[in-house]
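Scroll down for the structure; my scribbles are underneath it.
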Amino acid sequence: MSANEGLASMPFSVLQGDLAALDEKGLRRSRRTLESAQSAHVTVDGKKYIAFCSNDYLGLANHPALIAAAQAGAAQFGVGAGASHLVLGHARAHEALERALAAFVRLPRALLFSTGYMANLGIVTALLGRDDAVFADRLNHASLNDACLLARAQFKRYAHNDLAQLERLLATSKARRKLIVTDAVFSMDGDIAPAPQLLALADRYNAWLLLDDAHGFGVLGAGGRGVLEHLGIQHPRIIYMATLGKAAGVFGAFVAGDDTLIETLMQRARTYIYTTAMPPLLACAVSKSIELIAAGALLRKQLSENIFQLKQILKDVSPEGWQLMPSATAIQPLVIGDNRAATDVAEKLAERGVLVPAIRPPTVPPGTARLRISLSAAHTTDDVRVLCDALIDAGRAFH
Ligand SMILES: *Cc1c(COP(=O)(O)O)cnc(C)c1O
């Protein structure tokens with residue numbers, strides 16, 4: 001067998017080196033396979049765990065009322081949408097959901113997307129081109145970064161929440177259109193973007209502001225309406241985006257804002273036009289979810305009590321050298337630093353029946369590997385206590 005024949009029979013062997021390099025740096029990722037429904041308590045490989053990994057912040061993903069709504073939706077509309085929204089995939093269920101979402105976030109109009117990733121790609125590429133500029137927080141979600149690259153606009157990144165740097169970038173820009181993009185709640189840090197100040201800059205420099213509220217929708221604000229309600233802001237420059245697979249417990253995403261903006265996205269966003277519509281049964285489930293969110297003050301109260309309890313215990317007996325980040329949201333990251341140390345601690349917790357994901361670069365900056373603790377209203381006081389005990393013991397063993 002010649003060398004060429006050898007290569008031809010293993011055409012992907014060139015990739016092995018890359019995978020080995022991931023192993024070496026402690027960056028190889030793997031999956032656990034759930035045997036149970038997604039909730040605060042899960043079964044993996046026959047073993048029961050308390051999970052602090054989920055974005056299902058209100059415990060709705062497995063709610064009987066949502067399951068019933070999905071079943072009724074399947075009975076009425078079938079399982080698949082069968083076509084894109086603009087062809088013949090837009091059902092009455094989607095239409096009703098868009099109206100409900102717009103009313104819920106108190107914006108003129110809303111447009112559904114199949115995922116948050118696709119919504120972000122669609123929004124930025126529909127609004128910007130080569131003559132334009134986008135100004136992005138360094139800690140934004142990967143989908144926003146990819147959107148900015150795909151739009152081929154000038155892509156200016158500013159240090160996390162650094163308003164002075166953002167202002168300098170805006171002031172010197174000669175771009176035709178300017179768009180500021182930010183996570184509303186930062187997905188790996190849990191802190192909230194200074195949206196009022198960003199809006200003031202948007203006003204001063206004639207920019208638009210895209211707020212990605214994936215982690216705020218459903219949980220922030222007294223009524224769960226998200227970051228706009230939480231911060232008490234409404235502004236015509238806002239492009240509001242949120243996902244429906246996190247606190248809403250289902251799947252999908254939407255964009256809301258000005259009527260002309262939404263009409264433009266419907267006409268121009270390629271990830272809206274060239275993809276199959278979300279199954280209508282999911283739109284039925286989300287509509288039910290919005291009702292539960294609107295009536296979910298008790299769920300949000302339980303969630304904030306869980307957040308308070310975690311912070312309180314870990315402040316009193318913090319595992320030495322580990323620090324919770326200054327987050328007031330359901331995302332409570334505990335920074336460990338080293339990649340392998342983070343996965344080792346996550347393994348130790350798993351041995352105790354507690355699942356917490358170790359988040360490593362490139363999802364977070366190098367040297368800031370962390371346990372990303374996600375709390376839910378579905379966690380009990382005991383669950384949080386078990387987590388804290390396991391963390392404290394793992395901290396002892398570690399130092
Ligand atoms: C999860 C997430 C997305 C992507 O949403 P999907 O619906 O899961 O594709 C976008 N932005 C942020 C900030 C997220 O956390």
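First listed ligand is number 1; within each ligand, the first listed atom is number 1. Residue numbers start at 1 and run along the sequence shown. Every value quoted in this text rests on a predicted model; they were computed, and no experiment measured them.
Within the 4.0 Å heavy-atom criterion, both parts of Thr115, backbone and side chain, lie near ligand 1. If you look at Met118 next to ligand 1, there are no close heavy atoms at all, none under 4.0 Å.
Taking every heavy atom of Ser187 and a limit of under 4.0 angstrom, the matching atoms of ligand 1 come to 15 (O). Close contacts of ligand 1 with Asp212, meaning ligand atoms under 4.0 Å from a residue heavy atom, involve 10 (C), 11 (N), 12 (C), 13 (C). The Tyr117 neighbourhood of ligand 1 comprises atoms 4 (C), 5 (O), 6 (P), 9 (O), with distances under 4.0 Å to a heavy atom of that residue. Taking a cut-off of under 4.0 Å to the non-hydrogen atoms of Ser143, the atoms of ligand 1 that pass are 10 (C), 11 (N). Near Gly116, meaning under 4.0 Å from any of its heavy atoms, are these atoms of ligand 1: 4 (C), 5 (O), 6 (P), 7 (O), 9 (O).
For the ligand labelled ligand 1, residue Ala253 lies outside the 4.0 Å heavy-atom shell.
Note on Phe251 and Leu112: same hydrophobic cluster, where clusters join Ile, Leu, Val, Met, Phe, Trp and Tyr whose side-chain heavy atoms are under 4.5 Å apart, directly or indirectly.
Polar contact with ligand 1: absent for Ala214 (N/O pair, distance under 3.5 Å). Not a single N or O atom of Asp183, backbone or side chain, sits closer than 3.5 Å to an N or O atom of ligand 1. At under 3.5 Å, a nitrogen or oxygen of His215, whether backbone or side chain, sits near a nitrogen or oxygen of ligand 1. Polar contact check, Lys246 against ligand 1: a nitrogen or oxygen pair lies under 3.5 Å apart.
The residues Lys348 and Glu351 are annotated as not salt-bridged, no charged nitrogen and carboxylate oxygen being separated by less than 4.0 angstrom. Using a 4.0 Å cut-off between a side-chain N of Lys or Arg and a carboxylate O of Asp or Glu, Arg109 and Glu98 do not qualify as a salt bridge. Between Lys178 and Asp132, none of the side-chain N atoms (NZ, or NE/NH1/NH2) sits under 4.0 Å from a carboxylate O, so this pair counts as no salt bridge. Taking 4.0 Å as the cut-off between side-chain N and carboxylate O, Asp189 and Arg370 count as a salt-bridged pair.
With sequence neighbours excluded, the residues forming a side chain to side chain contact (heavy atoms under 4.5 Å, CB included) with Leu34 are Ser36, Gln38, Val42, Val44, listed by chain and number. Residues meeting the side chain to side chain contact (heavy atoms under 4.5 Å, CB included) test with Leu299, sequence neighbours left out: Leu58, Leu60, Ala377.
Pairing each heavy atom of Leu231 with each of Pro196, the nearest pair is CD1-CD, 3.9 Å.
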